[in-house]
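Below, read A as the first sequence line, B as the second, and so on, with proteins coming before strands; counting in each chain starts at 1. This structure is a prediction, so every number in the text was calculated from the model and none was measured.
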There are 2 protein chains.
Amino acid sequence: MPTVSVENYLKAILHLQDGDGDRVSTTAVAEKVGATPASTSAMMTRLGDRGWVEHERYYGVRLTEKGQRLAMDILRRHRLWERFLVDHLGFEWDQVHEIAEELEHVDSVELTNRLDAFLGFPKLDPHGDAIPGPNGRFRSVAARTLLAEAPRNLDLVVVGVVDGGDAFLRHLGVLGIELGSRLTVIERHAFDGSLVVRFDNSEEQQLLAPGVCERLWVDQSNPSPVIVFPESESPN
Amino acid sequence: MPTVSVENYLKAILHLQDGDGDRVSTTAVAEKVGATPASTSAMMTRLGDRGWVEHERYYGVRLTEKGQRLAMDILRRHRLWERFLVDHLGFEWDQVHEIAEELEHVDSVELTNRLDAFLGFPKLDPHGDAIPGPNGRFRSVAARTLLAEAPRNLDLVVVGVVDGGDAFLRHLGVLGIELGSRLTVIERHAFDGSLVVRFDNSEEQQLLAPGVCERLWVDQSNPSPVIVFPESESPN
DNA sequence: TTTAATTTTTAGCCTTGTCTAAAAATAAAT
DNA sequence: ATTTATTTTTAGACAAGGCTAAAAATTAAA
């Protein structure tokens with residue numbers, strides 16, 4: 001039902017909201033979609049009229065339940081297609097965004113679910129970002145993931161180390177990391193897999209070298225919004 | 001470059017022209033795309049302005065070289081996606097048209113060529129219609145195809161029979177079919193694979209039962225516009 | 001707290017694609 | 001050869017999205 005343009009706005013808002021449920025400014029959305037604030041303002045009104053965002057004049061927008069669901073579906077399609085492009089068509093991870101940007105607008109639940117099954121119900125896209133399930137929520141990440149493979153923007157807790165050697169544990173001490181440390185992956189550098197993370201509620205971001213990320217087991221520390229992909233919604 | 005709407009018009013015109021290079025009427029196009037003749041008339045003018053059709057006022061349109069190429073690319077994408085949906089996502093042949101109708105508008109040469117390779121450079125879509133190659137022309141059909149597997153709308157010639165038993169040959173005689181008979185497949189009935197064909201330049205169409213179609217070897221009788229898929233344009 | 005800077009919205013215009021109703025051209029039929 | 005029927009185009013409107021320039025509201029600064 002929503003047009004391509006509308007879908008792009010919804011996606012942008014979801015991206016800018018990103019966990020925190022606070023409002024997103026018109027200008028921020030405008031920059032994200034590459035339109036002028038004027039055009040965006042008009043669009044925000046339209047999205048509000050259709051019940052996809054709450055729009056408080058002069059104070060930005062926030063996705064409604066319905067809007068959030070729509071946006072998550074778009075994100076789901078985007079990331080599934082990225083997986084397809086990389087896993088089956090041999091694209092590199094950095095060539096797929098643009099194409100997935102088009103494919104994501106093909107709106108067929110049947111298609112999406114079958115593609116999902118074809119890909120083996122992947123949890124992460126080629127950039128390491130989580131893929132929403134058919135219920136519009138992120139799938140549960142396997143308990144104990146390597147930090148190197150954890151999706152971004154999830155609250156994580158360090159639950160173990162792969163290599164318990166003295167040198168590594170001492171290094172962790174220097175970094176201020178211990179069992180129970182809480183962190184979130186902000187960014188993943190494609191070049192070497194090093195991660196930009198933020199610990200606990202600290203404001204500062206920190207870089208973790210690949211060698212560290214590959215030796216840390218993490219788990220989600222905030223399981224509340226996570227629902228395991230229900231059988232009944234699975235295709236086939 | 002062309003919009004989705006424009007692509008749909010080009011596709012409709014290609015479909016209506018269908019081999020014969022004569023002009024297509026505004027009303028016919030309108031019906032095909034599901035628009036009014038008025039809207040279509042306006043669109044024909046726009047297509048003419050952009051050099052995709054020759055538009056003779058009151059006498060319909062004909063695709064230009066450029067327009068034909070665009071339309072063939074759309075058809076290529078459509079039919080490749082149909083193959084993908086059936087071969088890899090487990091759709092039935094009669095469920096894929098609508099979805100392919102959307103996928104065909106994702107315009108990326110890289111994507112299309114890689115998909116083509118992934119599918120094994122198929123010659124026919126799930127309905128038995130020929131898939132254009134990356135050069136915008138139909139690929140050469142393998143010399144000697146079973147009539148049952150030949151694409152529609154090609155000039156074919158009967159070059160052999162599979163089962164040379166007396167009964168079958170006598171039956172061919174009754175049907176007026178012999179070596180060298182020229183025919184074109186008009187329609188393929190999905191139910192049992194029986195074909196509606198037109199012999200030579202005869203106006204009347206004729207139904208051929210599956211048992212006959214599966215025992216006749218045919219070849220293209222008009223190889224002029226057929227160019228074998230060139231290596232250089234193949235991906236990977 | 002009043003002025004300055006920034007952000008958001010409004011106003012007005014444009015393009016694409018669509019429609020209906022009416023006019024013009026072509027084709028068919030008497 | 002005219003009238004009748006059909007097809008195509010034009011005219012005029014509308015909705016979605018987009019832009020620029022200007023006005024209004026909010027935030028920051030002096």
Side-chain angles (χ1 to χ4, degrees), chain A residues 1-14 16-17 20 22-63 66-67 70-71 74 101-102 104-107, chain B residues 1-14 16-17 20 22-63 66-67 70-71 74 101-102 104-107:
Chain A
M1 192 98 307
T3 65
V4 168
S5 187
V6 164
E7 287 197 345
N8 283 330
Y9 279 96
L10 290 174
K11 201 178 44 163
I13 297 166
L14 176 69
L16 291 166
Q17 276 195 186
D20 357 71
D22 29 285
R23 274 186 293 244
V24 166
S25 79
T26 298
T27 318
V29 175
E31 267 174 30
K32 198 94 191 164
V33 302
T36 61
S39 307
T40 304
S41 182
M43 180 58 91
M44 295 306 97
T45 307
R46 282 193 292 268
L47 294 184
D49 293 345
R50 300 222 234 168
W52 292 327
V53 299
E54 301 168 31
H55 183 209
E56 185 116 22
R57 268 173 93 243
Y58 287 100
Y59 292 94
V61 291
R62 180 190 294 130
L63 289 171
K66 263 166 49 189
L70 273 176
I74 300 162
E101 203 89 337
E102 293 197 53
E104 72 189 1
H105 300 297
V106 175
D107 184 11
Chain B
M1 190 100 308
T3 65
V4 168
S5 188
V6 164
E7 287 197 345
N8 283 331
Y9 279 96
L10 290 175
K11 202 179 42 163
I13 298 167
L14 176 69
L16 291 166
Q17 276 194 186
D20 357 71
D22 30 282
R23 275 186 292 243
V24 166
S25 80
T26 297
T27 318
V29 175
E31 266 175 30
K32 197 93 193 166
V33 301
T36 61
S39 308
T40 304
S41 182
M43 180 59 90
M44 295 305 97
T45 307
R46 284 193 292 268
L47 294 184
D49 293 345
R50 301 223 234 167
W52 291 328
V53 298
E54 300 169 31
H55 183 209
E56 185 116 25
R57 270 173 94 245
Y58 288 100
Y59 291 93
V61 291
R62 178 190 295 133
L63 289 171
K66 266 165 49 189
L70 274 175
I74 300 162
E101 202 89 337
E102 293 198 52
E104 73 189 1
H105 300 297
V106 175
D107 184 10

Could you list, one pair per line, each protein nitrogen or oxygen that sits under 3.5 Å from a nitrogen or oxygen of nucleotides 20-29 of chain D, together with the distance?
from: dA25(D); atom 1: O4'; to: Tyr58(A); atom 2: OH; distance (Å): 3.4

Quick one: list whatever passes salt bridge (Lys or Arg N to Asp or Glu O under 4.0 Å) with Glu102(B), sequence neighbours left out. none
Round to a whole Å and report the spacing from CE of Met1(A) to C1' of dA16(D). 14 Å
Whole Å only: how far is the CZ atom of Arg46(A) from the P atom of dT10(C)? 13 Å
Nearest of dG18(D), dT18(C), dT10(C) to any side-chain atom of Tyr9(B)? dT18(C)
Need one value for Thr45(B): base, sugar-phosphate or nothing, where a base atom within 4.0 Å counts as base even if backbone is also close, heavy atoms only. nothing
Between dT10(D), dC19(D), dG17(D), spot the one nearest the side chain of Met43(A), thanks. dG17(D)
What is the distance, to the nearest angstrom, from the CG atom on Leu47(B) to the C1' atom on dT18(C)? 15 Å
Main-chain N/O of Val24(B) paired with Gln17(B) side-chain donor or acceptor, under 3.5 Å: no
Euclidean distance, atom CE of residue Met44(B) to atom C1' of dT7(D) [Å, nearest integer]: 15 Å
Please enumerate all residues that pass salt bridge (Lys or Arg N to Asp or Glu O under 4.0 Å) together with Lys32(B), with sequence neighbours excluded. none
Test Leu70(A) against every option in Leu63(A), Leu10(A), Val6(A) by the side chain to side chain contact (heavy atoms under 4.5 Å, CB included) rule and name the one that passes. Leu10(A)
Side-chain donor-acceptor contacts of residues 34-52 of chain A below 3.5 Å, not counting sequence neighbours, with atom names and distances?
from: Thr36(A); atom 1: OG1; to: Ser39(A); atom 2: N; distance (Å): 3.2
from: Thr36(A); atom 1: OG1; to: Ser39(A); atom 2: OG; distance (Å): 2.9
from: Thr40(A); atom 1: OG1; to: Thr36(A); atom 2: O; distance (Å): 2.8
from: Thr45(A); atom 1: OG1; to: Ser41(A); atom 2: O; distance (Å): 3.2

Mind checking what makes side chain to side chain contact (heavy atoms under 4.5 Å, CB included) contact with Glu101(A), not counting sequence neighbours? Lys11(A), His78(A), His97(A), Glu104(A)
Would you say Ser25(A) places a side-chain N or O within less than 4.0 Å of OP1 or OP2 belonging to dT7(C)? no
Remember a base hit wins even if backbone is also touched, and classify Thr40(A) as base, sugar-phosphate or nothing at under 4.0 Å, heavy atoms. nothing
Under 4.0 angstrom, heavy atoms only, what part of the nucleic acid is Ala42(A) near: base, sugar-phosphate, or nothing? nothing
With sequence neighbours left out, the residues meeting side-chain hydrogen bond (donor to acceptor under 3.5 Å, both in side chains) with His55(B) are none
Between dT9(C) (P) and Glu56(A) (CD): distance, integer Å: 11 Å
For Asp107(B), give me all partners under side chain to side chain contact (heavy atoms under 4.5 Å, CB included), at least two apart in sequence or on another chain. Arg77(B)
Stretch residues 48-55 of chain A: residues that reach within less than 4.0 Å of DNA chain D through a heavy atom: none
Tell me which of Ala28(B) and Ser5(A) sits closer to the 5' end of DNA chain D, going by the nucleotide each one is nearest to. Ala28(B)
Partners of Glu31(A) by side-chain hydrogen bond (donor to acceptor under 3.5 Å, both in side chains), sequence neighbours excluded? none
